[in-house]
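To keep things clear, I will list the structure first and then write my remarks on it.
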There are 2 protein chains.
Amino acid sequence: MSPDDLTYTRGMGRWEPGARERLREAALELFTERGFEQTMVADIAQRAGVTARTFFRYFADKREVLFDGSADLAKQVQNVVETMPPTASALDVVAAVLDAVAQLAGDDRDRARARQAVITANTDLRERELIKQAALTAALTEVLRQRGIGNIEASLAAETGSAVFRVAFNQWGDATENRDLRDVIRETLTRLRILAAAE
Amino acid sequence: MSPDDLTYTRGMGRWEPGARERLREAALELFTERGFEQTMVADIAQRAGVTARTFFRYFADKREVLFDGSADLAKQVQNVVETMPPTASALDVVAAVLDAVAQLAGDDRDRARARQAVITANTDLRERELIKQAALTAALTEVLRQRGIGNIEASLAAETGSAVFRVAFNQWGDATENRDLRDVIRETLTRLRILAAAE
DNA sequence: TAGCGTGATGTCACCTGGTGACATCGGGGG
DNA sequence: CCCCCGATGTCACCAGGTGACATCACGCTA
């Protein structure tokens with residue numbers, strides 16, 4: 001729409017620039033309109049003004065178009081952890097990372113909900129989402145280990161943190177929920193402490 | 001091998017019975033020999049003595065042949081939880097479920113390692129594994145809710161339990177590890193308590 | 001014993017996702 | 001002014017997956 005107008009009018013090359021963004025938008029629109037399976041790559045490409053072959057030059061497969069930029073998250077994790085004092089406990093680091101991720105993932109509630117609706121409606125997309133989360137968890141585990149935390153300790157902290165994030169993110173997506181994602185995460189973390197302490 | 005002999009010699013129909021089992025075995029063999037991507041469905045079918053079309057009558061897709069029977073797990077979860085006293089806490093129930101799953105998943109270490117090697121080597125299979133775990137987690141969440149545990153509490157307990165299982169299962173797969181899976185799980189659960197209690 | 005229905009399988013045509021190889025074309029630098 | 005380069009199009013092709021229909025042995029029944 002509005003961003004499109006800009007890129008369109010100042011098109012000066014052989015092809016309109018911003019193909020990647022157009023593909024992203026077209027895909028989200030079509031997935032929302034007809035669903036993931038009912039949308040063919042050729043449809044997305046056509047709406048974006050390119051061919052299917054070009055789609056696959058930007059995205060490894062049909063699903064990936066919904067997860068563009070998730071590689072940036074790993075770098076963010078790296079950055080956040082580097083700014084933590086060496087005295088911070090594993091769980092402190094994890095909490096900080098969750099907070100940072102929440103800022104990126106939770107800034108636009110409506111867009112997040114729309115995207116999530118598409119993902120939840122399709123098993124293949126759920127699979128892709130899960131492995132992206134797993135990749136992030138692995139990255140977190142790795143940076144924790146680099147801080148001298150033991151193997152098991154590191155993966156346990158990372159996996160637990162991811163669990164907390166998933167639960168909080170889900171809750172945050174609820175229609176009745178209106179708190180900031182970071183607040184929900186903090187509350188969930190507290191709940192976990194209570195849960196684990198009970199005995 | 002030995003079970004095959006039986007079904008083979010008493011083959012009395014137009015086709016040898018046990019096509020499903022033959023397909024499972026053929027698939028695992030071929031995946032181990034050449035890897036998942038290098039194995040075509042037609043290859044598996046041929047080794048099992050059927051056509052590719054028949055493969056897809058037994059398994060929804062090429063990956064599913066490695067996860068046959070994972071639906072039984074959900075029923076097991078259901079059974080285990082039903083035998084728990086109503087006074088048991090959420091974490092008690094989760095611990096019991098992990099114990100039960102460990103018995104099924106951890107009885108044959110060598111076979112488990114072989115299967116896991118195949119899965120770990122391929123992203124698509126990793127995705128499928130993750131969503132199977134997620135399904136199990138969802139089932140656990142559901143039974144917890146049916147016991148009157150609150151929404152968030154239930155999913156948090158289930159997700160955390162899954163996290164513990166993943167970490168423990170990983171550790172159990174290590175070459176240097178020789179304890180029973182259930183012992184590793186118990187230890188990991190203890191570690192989690194310590195981690196969460198730390199301040 | 002001659003059908004007859006049935007279920008598991010084979011066959012075939014077809015669609016879609018995905019890839020490699022090569023052609024094309026416009027812009028920017030020499 | 002020309003040539004190189006990068007982004008795109010075109011085309012042929014492969015593998016996963018599905019629907020429709022044919023086939024055939026088995027067991028049941030008249």
Side-chain angles (χ1 to χ4, degrees), chain A residues 7-28 30-31 33-68 118-119 122-128 131, chain B residues 4 7-24 26-28 30-31 33-68 118-119 122-128 131:
Chain A
T7 60
Y8 183 81
T9 52
R10 57 167 138 86
M12 42 185 176
R14 182 180 174 193
W15 303 277
E16 302 304 328
R20 182 180 212 98
E21 287 67 34
R22 291 201 315 272
L23 285 168
R24 269 209 303 251
E25 280 191 38
L28 184 54
L30 289 169
F31 292 165
E33 291 170 15
R34 336 176 179 164
F36 179 76
E37 290 184 0
Q38 286 65 45
T39 305
M40 284 165 296
V41 172
D43 299 334
I44 305 172
Q46 186 176 22
R47 184 171 292 202
V50 294
T51 53
R53 190 68 185 85
T54 292
F55 177 96
F56 289 112
R57 288 201 173 96
Y58 283 100
F59 305 102
D61 59 54
K62 187 181 164 189
R63 295 177 261 170
E64 202 63 16
V65 70
L66 266 181
F67 298 90
D68 201 29
V118 172
I119 293 176
N122 181 270
T123 304
D124 290 343
L125 290 174
R126 282 274 300 145
E127 288 188 347
R128 182 55 53 87
I131 206 168
Chain B
D4 249 6
T7 60
Y8 182 80
T9 54
R10 60 168 137 85
M12 43 187 175
R14 181 177 175 194
W15 303 276
E16 300 303 330
R20 184 182 209 97
E21 288 66 35
R22 291 202 311 275
L23 284 167
R24 268 209 304 251
L28 183 54
L30 288 168
F31 291 166
E33 291 170 15
R34 340 175 177 163
F36 179 76
E37 291 185 0
Q38 284 66 44
T39 304
M40 282 164 298
V41 172
D43 300 335
I44 305 172
Q46 187 176 20
R47 184 171 292 203
V50 294
T51 52
R53 190 67 184 84
T54 292
F55 177 96
F56 289 112
R57 288 201 175 96
Y58 283 101
F59 305 101
D61 58 53
K62 186 181 165 190
R63 294 176 264 170
E64 201 64 16
V65 71
L66 266 183
F67 297 90
D68 201 29
V118 172
I119 293 176
N122 181 271
T123 305
D124 290 342
L125 291 175
R126 283 273 302 145
E127 288 189 345
R128 181 55 53 87
I131 206 168

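A, B, ... follow the sequence lines: proteins, then strands. Residue 1 opens every chain.
Among the protein residues, A:Ala52 comes within range of no part of the nucleic acid, since none of its heavy atoms lies under 4.0 Å from any strand. Residue A:Tyr58 is classed as a sugar-phosphate contact, given heavy-atom separations below 4.0 Å to backbone atoms only. Residue B:Ala42 is out of contact with every strand shown, counting any heavy-atom pair closer than 4.0 Å.
Summarising the geometry, the separation between CD on B:Glu37 and C1' on C:dG17 is reported as 14 Å, rounded to the nearest angstrom. The nearest whole Å value for the distance from the CG atom in A:Asp61 to the C1' atom in C:dT16 is 13 Å. At whole-Å resolution of the value, CG in A:Leu125 and C1' in C:dG17 are 14 Å apart. When rounded to the nearest whole Å, the span between CZ of B:Arg128 and C1' of D:dG16 equals 12 Å. Atom CE in B:Met40 sits roughly 17 Å away from atom C1' in C:dG17 (whole-Å rounding). In this structure, CZ of A:Phe56 is placed 12 Å from P of C:dT16, rounded to the nearest angstrom. Rounded to an integer number of Å, the gap from A:Glu127 CD to C:dG17 P is 16 Å. What separates CG of A:Asp124 from C1' of C:dG18 is a distance of 15 Å, to the nearest Å.
Atom CZ of A:Arg47 has more than 12 neighbouring heavy atoms from other residues, nucleotides or ligands inside a 6.0 Å radius. Within a 6.0 Å sphere centred on CD of B:Glu64, heavy atoms belonging to other residues, nucleotides or ligands number more than 12.
Side-chain N/O atoms of B:Arg57 and base N/O atoms of C:dG10 include a donor-acceptor pair closer than 3.5 Å. For a distance-only test at 3.5 Å, the side chain of B:Arg53 qualifies as a donor-acceptor partner of the base of D:dG19.
Ranking C:dG10, D:dG9, C:dG18 by closeness to the A:Lys62 side chain, first place goes to C:dG18. Candidate nucleotides D:dT18, C:dT9, D:dT8 were compared by shortest atom distance to the side chain of B:Ala19, and C:dT9 ranks first.
Within the 4.5 Å cutoff, side-chain heavy atoms of B:Phe67 are placed close to those of B:Ile119.
The CG atom of B:Asp124 sits 8.5 Å away from the NZ atom of B:Lys62 when rounded to the nearest 0.5 Å.
Closest heavy-atom contact between A:Ala26 and A:Ile44: CB-O, 3.9 Å.
In this model, the phosphate group of C:dG10 is approached by a side-chain N or O of B:Thr54 to a distance below 4.0 Å at OP1 or OP2.
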